[in-house]
J.: 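Sharing a structure with you now.
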Amino acid sequence: MTHTGLVARVLIDSPLPQLDHLFDYAVPDELAAVALPGVRVKVPFGSSGRVMSGYLIDLVPPDATGSDGEALFHGALSPLESVVSPARVLTGEVWTLARALADRAAGNASDIIRLAVPPRRVRVEKAWLAQAADAADAAGTAAPTCDSAPAVTVPAVTVPAFADYPPGAVAALVADGRRAAVAAVPEPVQLPGGETVGQWALTLAELGVAALAAGRSAILAVPDYRDQDQLQAALEQLAPAGSVRRVDARQSDPDRYRDFLACLDPVPRIIIGNRSAVYAPAHELGLIALWDDGDPLYAEPLSPYVHARDAALVRQQQSGCALVFLGHARSVEVERLVEIGWFDAVAPARSRHPRVIPTELQAGADARGARIPSAAWGAARDALQHGPVLVQVASPGYAPVLACTTCRHSARCTRCQGPLGLASAGATPACRWCGALAAGWHCPLCEGTTYRLVTVGSGRTAEELGRAFPGVRVIVADGDHIVQHVGASPALVIATRGAEPLAPGGYRAVLLLDGERLLARESLRVGEDCLRWWSNAAALAAPGASVMLIGVGGLLARSLSLWQPERYSASELADRRSLRFPPAVRAASVTGTAPAVETALAGLAGIAGVDVLGPVGADRETVRAIVRLPYSAGDEVAIALKAAIVRAATGRRPAKGGGYRPPPTLKVRFDDPELL
DNA sequence: AGCACGCCGACT
DNA sequence: GTCGGCGTGCTC
């Protein structure tokens, strides 16, 4: 068998950390025509020559230094076994992104690629290849790959006006490839087709169309399918037919693969989807835009747990495209980016916003503990004359936390500010991070010395309100009862946060209940989350309608009623700076057997600015430590921890004797939003 | 992960 | 004298 002179650099598709680098193979002559970067390949691997699949990353002369800086293998090369198909599904841009994100998270590139490249569907792929070949013939070229000529012609597109924003402000973001936090207009709008969507959906769609008008592709990401439906409705009005492609897990596998392949066509497209849309291949990427980046659905649950916001930030730096985070609230992460000057802040030109009334600030408040004050009852009663009223309630099922009996603030560790918990009823409270016992705890805010367990169970609101307003239709919208839209006629719409339906023209009043209970959740981010839930619900109100925020005061209530959520975010960020909490610094959890964690932490010893909380026992066999690091130490820490992971995976293995022990090795998770 | 290479106990 | 145990290390 003769070989072309070239070396194929291959990423093996394996979750093993020790295989997370390129392996070099010779290219047999008969594969030369199809063995091009981006194709799926099969390669012989290991002493047994077992066939594994992978991606051909690079094709280089044998005397080259690898484009990734990795030296070529000095030794006899095995030949590629086969090329799975000529479809070049892993573009250079997506590979570079996957590599960078994996490195940043001490994870595996193939784990990122699994999010970026959907499972292959042979039938769909053949159809796409044939269509690409036809297009190539028509254009007089021959290559049946993504290098071929456009298969679709893009209709002329007019540049959107972005009428809600200062002239030129938003259009310039896309044109100049800038990064910006854009405040959405907090109103519902009715599309010409009759459907009601949030104004944000129109703005996002306009951003995509602006990129298209400049001959560039746009990636528009939304957290959930309800948001995606609004965005799609808006795009149907604004975007030329055929220019929009979905990339999301709700599609059937063939549909998903078809749309994915279409993104490889050399034509600009608007690509929409949920968190993994940020990995989509895109021709001439001009814009990535995320709606509501603070939504926890943007946190990837699969290793290496890269948040879509971070993926978008890294991709923006690599490609130089524009990057927009659009939202009502501003996440503390984005606030940091604005404060360090990495992001611009853009607000709507006119400052019309929902009329938020914090009832706690009203004189003559009702007896303490009343769930719904009389002012809110009154507002609801009046509004029900004219149309639907939204009542936002807490969803059931929170972890119990310790809170001060008198001032109700959650109890935190005096050493490291971690949350306190009880190992068992009546036990001394202990910090869940550093393990310190909090004997003799006292509340730093009110000096109270007693705490209680705060648990929340909601759910009777519908009955309660139904009794109070006899004859009014009650609609429940939550995780189990998904309601996208309600009508314009009077109704009480009881919704858990995030599940609020849209009402044509907007709700005539909005009641935000259970604020105090929501705020008792065990998380550093509660305030931020609440502000996001509340502002998103308030944005569903009709212009001028009352939004009653019940039982919540302070900066949170003030930020919402002034509609300046960035005030709260700024104050929150300042607090996190003084406590050395994310996103002021980065954090990584290191979990595993005590010796494995110890060795991993030892590898961080010399790195400036790094400190370690714990380790504390996580369960019977494993311990967990939390590493805090400045952003500047990210590379160094990730490299050290990745080395520790590889060592743990290849070195001493758990005793095989008996065989009843799953591998308790070493796990690292960077930037876990749930960590604090 | 698999699989081979390698160095110590009880077996024909 | 060997057959085979699984600890260790590699896979282009």
Side-chain angles (χ1 to χ4, degrees), chain A residues 1-32 34-84 90 92 95 98-99 102-103 106-114 119 302-304 592-596 598-600 603 621 642-668:
Chain A
M1 190 197 306
T2 56
H3 298 145
T4 71
L6 296 176
V7 176
R9 319 212 66 204
V10 172
L11 182 83
I12 307 284
D13 187 10
S14 157
L16 296 175
Q18 61 270 42
L19 303 186
D20 183 31
H21 63 91
L22 301 183
F23 289 84
D24 297 346
Y25 289 87
V27 181
D29 282 338
E30 62 271 26
L31 297 181
V34 282
L36 295 169
V39 298
R40 290 185 232 252
V41 291
K42 302 273 190 195
V43 293
F45 194 73
S47 41
S48 58
R50 196 161 55 100
V51 172
M52 310 239 333
S53 46
Y55 293 91
L56 202 165
I57 299 299
D58 212 354
L59 202 57
V60 296
D63 53 357
T65 62
S67 60
D68 55 350
E70 220 180 299
L72 291 185
F73 185 65
H74 294 294
L77 301 186
S78 300
L80 293 176
E81 222 265 341
S82 61
V83 170
V84 174
L90 182 61
W95 158 248
R99 185 67 275 163
D103 289 346
N108 252 317
S110 60
D111 285 337
I112 305 272
I113 291 171
R114 243 187 294 282
L302 297 175
S303 173
T593 57
E598 199 186 323
T599 343
E621 295 181 337
K642 179 65 178 289
I645 290 170
V646 172
R647 245 181 291 125
T650 55
R652 321 240 166 298
R653 259 168 277 191
K656 266 196 208 168
Y660 64 99
R661 192 171 298 191
T665 52
L666 188 66
K667 271 173 57 182
V668 170

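Small disclaimer: the values here were computed from a predicted structure and weren't measured. Within every chain, numbering begins at 1; the chains are lettered A, B, ... in the order of the sequence lines, protein sequences first and strands thereafter. Side-chain atoms are counted along with the backbone in the values below, which use heavy atoms only and exclude waters and symmetry mates.
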J.: When we call it a touch if two heavy atoms are under 4.0 Å apart, what does A:Pro15 touch: a base, just sugar-phosphate, or nothing?
T.: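 The residue A:Pro15 makes no contact with any strand.
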J.: More than 12 foreign heavy atoms under 6.0 Å from CD of A:Glu598: is that the case here?
T.: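 Count not over threshold, so no.
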J.: Name all residues meeting the side-chain hydrogen bond (donor to acceptor under 3.5 Å, both in side chains) criterion together with A:Lys642; count only those two or more places apart in sequence or in a different chain, and write none if there are none.
T.: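 Per chain and number, A:Lys642 pairs via side-chain hydrogen bond (donor to acceptor under 3.5 Å, both in side chains) with A:Asp20.
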J.: Heavy atoms under 4.0 Å, any strand shown: does A:Leu77 hit a base, just sugar-phosphate, or nothing?
T.: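 It contacts sugar-phosphate atoms only.
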J.: Nearest to the A:Phe23 side chain among B:dA4, B:dA1, C:dC12, which nucleotide is it?
T.: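 Given the options B:dA4, B:dA1, C:dC12, the side chain of A:Phe23 is closest to C:dC12.
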J.: Heavy atoms, side chains only, cut-off 4.5 Å: are A:Asp111 and A:Leu302 in contact?
T.: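 No, side chains not in contact.
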J.: Report the distance from atom CG of A:Leu22 to atom P of C:dT11, rounded to the nearest whole Å.
T.: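 Nearest whole value for this atom pair: 15 Å.
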J.: Taking any heavy-atom pair under 4.0 Å as a contact, classify A:Ala26: base, sugar-phosphate, or nothing.
T.: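 Answer is nothing: A:Ala26 stays at 4.0 Å or more from every strand.
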J.: Whole Å only: how far is the NE2 atom of A:His21 from the P atom of C:dC12?
T.: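 Rounded to the whole Å, the gap is 10 Å.
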J.: Using whole Å, report how far NE2 of A:His74 lies from C1' of C:dT11.
T.: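 Checked: the NE2 to C1' distance equals 17 Å.
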J.: Grab the CG-P distance between A:Leu19 and B:dA1 for me, whole Å please.
T.: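 It is 10 Å, rounded to the nearest whole Å.
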J.: Return the value, rounded to whole Å, for the distance between atom NZ of A:Lys42 and atom P of C:dT11.
T.: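 For the pair A:Lys42 NZ and C:dT11 P, the rounded distance is 22 Å.
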J.: Expressed as a whole number of angstroms, how long is the span from A:Asp20:CG to C:dC10:C1'?
T.: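 After rounding, the gap between these two atoms is 16 Å.
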J.: Mind calculating the distance between CZ (A:Arg50) and C1' (B:dA4) to the nearest angstrom?
T.: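 Rounded to whole Å, this separation is 13 Å.
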J.: Going by atom types only, do A:Thr2 and A:Asp29 share a side-chain donor-acceptor pair under 3.5 Å?
T.: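 Indeed, the side chains of A:Thr2 and A:Asp29 share at least one donor-acceptor pair under 3.5 Å.
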J.: Just how far, in rounded Å, is P of B:dA4 from CZ of A:Phe45?
T.: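 It is 14 Å, rounded to the nearest whole Å.
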